[in-house]
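Naming: A, B, ... by sequence-line order, numbering from 1 per chain.
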There are 2 protein chains.
Amino acid sequence: MGYSKQRELVKAIVASSCAHPSATDIYLEARKTIPDISLGTVYRNLSLLSQSGEILRIPVDKGDRFDKTTCCHAHFCCVKCGRVFDVPTDGMAALADRICDHGHDVKRTTLLFEGVCKSCAKSDE
Amino acid sequence: MGYSKQRELVKAIVASSCAHPSATDIYLEARKTIPDISLGTVYRNLSLLSQSGEILRIPVDKGDRFDKTTCCHAHFCCVKCGRVFDVPTDGMAALADRICDHGHDVKRTTLLFEGVCKSCAKSDE
DNA sequence: TATAATAATAGTGATAGTTACTATTTTCGA
DNA sequence: TCGAAAATAGTAACTATCACTATTATTATA
Ligand SMILES: [Mn+2]
Ligand SMILES: [Mn+2]
Ligand SMILES: [Zn+2]
Ligand SMILES: [Zn+2]
């Protein structure tokens with residue numbers, strides 16, 4: 001993965017944010033430094049950085065969000081304001097309860113594993 | 001929520017499927033019975049049925065999927081074929097390991113809580 | 001350094017899933 | 001049976017994201 005100041009900027013913006021920014025958030029922030037950076041470049045670099053494990057992609061209802069914290073942790077996403085909060089994953093069963101104890105109201109818990117299934121892994125030798 | 005044969009058909013199709021069908025899957029199946037049913041009607045009824053808890057909406061990368069099983073359970077989604085498999089949620093920490101034991105390759109685990117946060121709950125009295 | 005090969009970019013256009021809109025039709029209670 | 005309320009079909013709009021291409025930047029090499 002070669003050098004480009006655009007890619008470094010995208011990475012720096014994710015690294016400096018605690019708000020789990022969206023691609024658009026990052027694009028708007030990036031334009032303050034590189035005014036003619038394109039949205040496509042932001043998306044491409046977010047994908048590359050996610051694939052290489054330098055940042056984490058979080059699938060949320062209305063567009064993906066990005067996280068400088070790449071170790072496994074859960075998120076609480078507010079359906080009203082869209083903010084994404086970190087949730088440490090020590091327990092797990094009592095997690096939703098703990099979130100509710102903080103005054104949040106958990107409406108839905110989504111747990112999704114993604115990967116390649118047995119039969120697909122076989123079919124491409 | 002009033003009666004309509006379209007809504008009953010959408011619900012019946014979800015109830016009879018074990019494949020976690022997408023909105024388009026359901027639309028195509030519904031047209032076999034009601035040829036001029038519209039895609040908008042399918043989407044509207046899927047949303048209504050999900051909201052009322054009669055079916056479960058599963059957010060997956062490439063479009064939502066729908067589930068007749070509404071009790072809490074996890075899913076393994078293959079990024080190659082798109083199939084969605086049920087995963088019982090007894091343990092949780094060893095879940096990814098168990099999926100791998102079955103020959104699947106877990107690339108990413110997504111755990112997402114959604115709801116209304118404390119400050120938003122306060123702001124609308 | 002000069003230069004050729006490679007990689008990345010900006011800008012634009014396309015795509016797909018979903019929602020919004022509206023005129024028409026269906027349902028349902030009085 | 002009749003009128004309000006709800007639901008529909010069809011279409012258009014929206015948004016996040018990806019694809020394409022000509023141009024520019026980076027890197028490797030002589
Ligand atoms: Mn996080
Ligand atoms: Mn399921
Ligand atoms: Zn909120
Ligand atoms: Zn598969």
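Residue Y43(A) places at least one side-chain N or O closer than 4.0 Å to OP1 or OP2 of dT17(D). Applying the 4.0 Å criterion to OP1 and OP2 of dA9(D), one finds that Q6(B) has a side-chain N or O inside that range.
S38(B) is not listed as a side-chain neighbour of Q6(B), based on a closest heavy-atom distance of 4.5 Å or more. In this structure the side chain of L56(B) never reaches within 4.5 angstrom of the side chain of T69(B), judged on heavy atoms.
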Atom pairs under 3.5 Å, N or O on each side, protein against nucleotides 23-25 of chain D: can you list them with distances?
none

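Residues passing the side chain to side chain contact (heavy atoms under 4.5 Å, CB included) test with K5(B) are Y3(B), I34(B), sequence neighbours excluded. For S17(B), the side chain to side chain contact (heavy atoms under 4.5 Å, CB included) partners are A19(B), P21(B), not counting sequence neighbours. For Y43(A), the side chain to side chain contact (heavy atoms under 4.5 Å, CB included) criterion is met by A23(A), L39(A), not counting sequence neighbours.
Shown here for F66(A) and L46(A), the closest heavy-atom pair between the two residues is CE1-CD1, 3.5 Å. Nearest heavy atoms, I37(A) versus Y27(A): O-CE1, 3.3 Å.
Near DNA chain C, meaning a heavy atom under 4.0 Å away, the residues from residues 30-42 of chain A are D36(A), I37(A), S38(A), T41(A).
The CG-C1' distance, from D64(A) to dC18(D), rounds to 13 Å in whole Å.
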Table please: side-chain donor-acceptor pairs of residues 8-16 of chain A below 3.5 Å, with sequence neighbours left out.
residue : atom : partner : partner atom : Å
K11(A)  : NZ   : E54(A)  : OE1          : 2.5
S16(A)  : OG   : A12(A)  : O            : 3.2
S16(A)  : OG   : I13(A)  : O            : 3.1

